[in-house]
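See structure below.
Nothing here was measured: the structure is a model prediction, and the numbers come from that model. Chain A is the first sequence line, chain B the second, and so forth, proteins listed ahead of strands; every chain is numbered from 1.
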Protein chains: 2
Amino acid sequence: MTAPRTPTRNRRAEILRAAAELFAARGFHGVSIEDIGSAVGVSGPAIYRHFSGKEALLSEILLDISERLREQGARLVTAPAVPESPSGDAYARAALDALLHGHIDFALANPALIRVHERELDNVPESARRRIRRLQRLYVEEWVTVLSELYPDCPPARLRAATHAVFGLLNSTPRSAGELPPQAMAPLLHGMAVASLAVLA
Amino acid sequence: MTAPRTPTRNRRAEILRAAAELFAARGFHGVSIEDIGSAVGVSGPAIYRHFSGKEALLSEILLDISERLREQGARLVTAPAVPESPSGDAYARAALDALLHGHIDFALANPALIRVHERELDNVPESARRRIRRLQRLYVEEWVTVLSELYPDCPPARLRAATHAVFGLLNSTPRSAGELPPQAMAPLLHGMAVASLAVLA
DNA sequence: CTCGGATGTTAGTCACCATTAACCGGCTCG
DNA sequence: CGAGCCGGTTAATGGTGACTAACATCCGAG
């Protein structure tokens with residue numbers, strides 16, 4: 001009863017992975033359905049056996065990324081790494097550390113996804129775009145909530161702007177690829193982010 | 001003898017400005033020549049009286065941005081804001097400040113150009129791409145040179161990675177548009193950048 | 001004047017590409 | 001066995017869009 005599903009799922013996932021890679025490299029409009037097909041060894045319209053169209057492909061990719069980030073954010077903030085119940089500040093600091101680690105690991109492990117996530121939202125049809133934006137907003141709010149505990153005198157607009165700036169910093173990974181190995185890049189980004197946020201005090 | 005040239009230059013500049021705006025909003029492949037024409041009040045193939053094609057348009061936009069950044073970088077570093085000749089460190093610190101100010105002002109004044117500069121390099125034909133990359137590399141090296149005076153024990157690869165990260169931070173302006181007025185955004189970004197670079201010590 | 005270049009215009013032309021149609025083999029389940 | 005879906009294939013089809021052709025206008029120089 002579930003025998004034929006496994007290959008289907010694999011193929012679907014394969015297509016999504018290949019499409020994300022191609023979109024990252026050449027942009028949504030720079031990639032044809034034929035390109036995506038041949039990247040997974042089938043050719044052209046076979047894609048339509050798995051997805052309703054090119055836009056649906058992009059929508060699913062972006063929804064997946066946004067959902068993964070948001071979910072990871074919610075999980076890390078809710079269940080922080082420090083089991084004891086410390087002072088509010090130490091708690092918030094641990095939560096920020098967790099958010100940073102989660103985001104950095106994701107960005108270093110999936111530079112192509114980060115690229116697509118940053119660049120292609122405009123090409124998603126309206127309804128999916130709304131859902132993606134909602135997830136992104138929730139993710140930003142996770143950060144803002146944590147930061148507002150650390151820097152209670154800082155107005156929210158400033159916290160939001162700083163959060164976007166830190167995302168820009170962390171998401172620089174696709175551009176500085178190869179400069180430094182990930183083992184060196186991760187702590188560098190972490191340190192830079194923490195230091196830059198300290199000016200909010 | 002020079003009478004007819006002025007309108008031509010204006011039209012050319014008008015087209016470049018409109019094209020950059022459109023490329024920023026919808027991406028290179030998402031904009032048609034017809035779109036660009038009607039944005040400046042002429043329609044369609046009139047563009048070819050001024051440019052050899054769509055790619056030439058993008059090439060010129062990116063070359064101009066890269067050249068402006070690099071030129072500004074070279075100028076600010078060579079002729080720093082502090083006239084007295086201070087200790088090497090203070091000198092380098094002033095140069096870094098100047099680079100930061102220059103980049104931030106540019107990014108806040110031209111978010112669309114920043115966006116195009118970040119996203120569309122892949123769509124430029126090979127020969128122009130090489131020249132653009134060279135300019136970008138030179139600009140990065142300006143920063144690395146200044147930083148290597150401030151943090152002499154830091155390996156160049158690390159300085160380069162940090163520079164890219166700071167660019168990501170500063171170039172977040174198109175994404176956090178509207179969160180904060182530019183008068184508040186500029187010092188925030190400046191402070192965050194300086195603080196983040198301090199971890200290189 | 002009037003010639004010629006600079007700028008535009010409108011109507012092709014040609015490629016490319018998303019999507020659909022029509023058709024096919026294999027595998028599972030009855 | 002055989003019916004039917006699953007996942008593929010190759011040929012349309014239709015639209016879009018870059019670029020070219022052919023033709024008009026304006027305007028300054030000689």
Side-chain angles (χ1 to χ4, degrees), chain A residues 1-23 25-62 116 120 122-128, chain B residues 1-23 25-62 116 120 122-128:
Chain A
M1 155 231 240
T2 45
R5 264 200 217 130
T6 306
T8 296
R9 299 244 166 154
N10 288 347
R11 189 44 67 89
R12 256 185 82 86
E14 238 183 312
I15 292 172
L16 285 170
R17 223 175 35 75
E21 215 65 52
L22 288 168
F23 290 159
R26 309 210 295 267
F28 181 70
H29 293 290
V31 175
S32 75
I33 289 282
E34 178 66 35
D35 292 336
I36 299 169
S38 58
V40 299
V42 305
S43 245
I47 302 296
Y48 290 87
R49 299 293 170 195
H50 302 276
F51 298 92
S52 70
K54 203 180 164 192
E55 287 184 334
L57 217 48
L58 181 63
S59 298
E60 191 158 328
I61 291 170
L62 287 190
V116 175
E120 305 292 359
D122 306 328
N123 294 311
V124 170
E126 186 53 25
S127 79
Chain B
M1 154 234 241
T2 45
R5 265 201 215 129
T6 306
T8 296
R9 299 243 165 152
N10 287 347
R11 189 43 68 90
R12 259 184 80 87
E14 238 182 311
I15 292 171
L16 285 170
R17 224 176 33 76
E21 215 67 50
L22 287 169
F23 290 159
R26 310 211 295 267
F28 181 71
H29 293 290
V31 175
S32 74
I33 289 281
E34 178 65 35
D35 291 337
I36 298 169
S38 57
V40 299
V42 305
S43 244
I47 303 296
Y48 291 89
R49 298 294 170 193
H50 302 275
F51 298 93
S52 70
K54 204 180 162 190
E55 286 184 334
L57 217 47
L58 181 64
S59 298
E60 192 159 328
I61 291 169
L62 287 190
V116 175
E120 306 293 358
D122 306 327
N123 295 309
V124 170
E126 187 53 26
S127 79

Could you run through nucleotides 20-27 of chain D and give me one letter per nucleotide, 5' to 3': B if any protein heavy atom sits under 4.0 Å from the base, S if only the sugar-phosphate is that close, - if neither?
B-B-----
Value in whole Å for how far the P atom of C:dC16 lies from NZ of A:Lys54
15 Å
Can you tell me the distance, in whole Å, between the CD1 atom of A:Ile15 and the P atom of D:dG8?
7 Å
Counting any heavy atom closer than 4.0 Å, what does A:Gly53 reach on the DNA or RNA strands: base, sugar-phosphate only, or nothing?
sugar-phosphate
Kindly write out the residues that satisfy side-chain contact (heavy atoms from CB on, under 4.5 Å) with B:Ala20, not counting sequence neighbours, or none if the list is empty.
B:Ile61, B:Leu113
Got a sec, which residues hit side-chain contact (heavy atoms from CB on, under 4.5 Å) with B:Val124, two or more places apart in sequence or on another chain?
B:Leu58, B:Ser59, B:Leu62, B:Ala128, B:Arg129, B:Ile132
Under a 4.0 Å threshold between the charged nitrogen and the carboxylate oxygen, would B:Arg17 count as salt-bridged to B:Glu14?
no
Whole-Å distance, B:Ile47 CD1 to D:dG17 P, equals 15 Å
Could you tell me which residues satisfy side-chain contact (heavy atoms from CB on, under 4.5 Å) with A:Ala39, sequence neighbours excluded, listed by chain and number?
A:Ala18, A:Leu22
Please give me every residue in residues 27-43 of chain A whose heavy atoms get under 4.0 Å of an atom in DNA chain D, ordered by residue number.
A:Val42, A:Ser43
Nearest-Å distance for atom pair CG/C1', residues B:Asn10 and C:dA6
15 Å
Sequence neighbours excluded - salt bridge (charged side-chain N to carboxylate O under 4.0 Å, His left out) pairs with any residue from residues 37-46 of chain A:
none
Kindly state each residue pair satisfying salt bridge (charged side-chain N to carboxylate O under 4.0 Å, His left out) with at least one member in residues 38-49 of chain B, sequence neighbours excluded.
none
Contacts of A:Glu21 meeting side-chain hydrogen bond (donor to acceptor under 3.5 Å, both in side chains) (sequence neighbours excluded), chain-then-number -> none
side-chain hydrogen bond (donor to acceptor under 3.5 Å, both in side chains) pairs touching residues 35-48 of chain B, sequence neighbours excluded, are B:Arg26-B:Asp35, B:Ser32-B:Asp35, B:Glu34-B:Ser43
Please report, rounded to the nearest Å, how far the C1' atom of D:dA18 is from the CG atom of B:Leu57.
13 Å
Does the side chain of A:His50 get closer than 4.0 angstrom to OP1 or OP2 of D:dG8 through an N or O atom?
yes
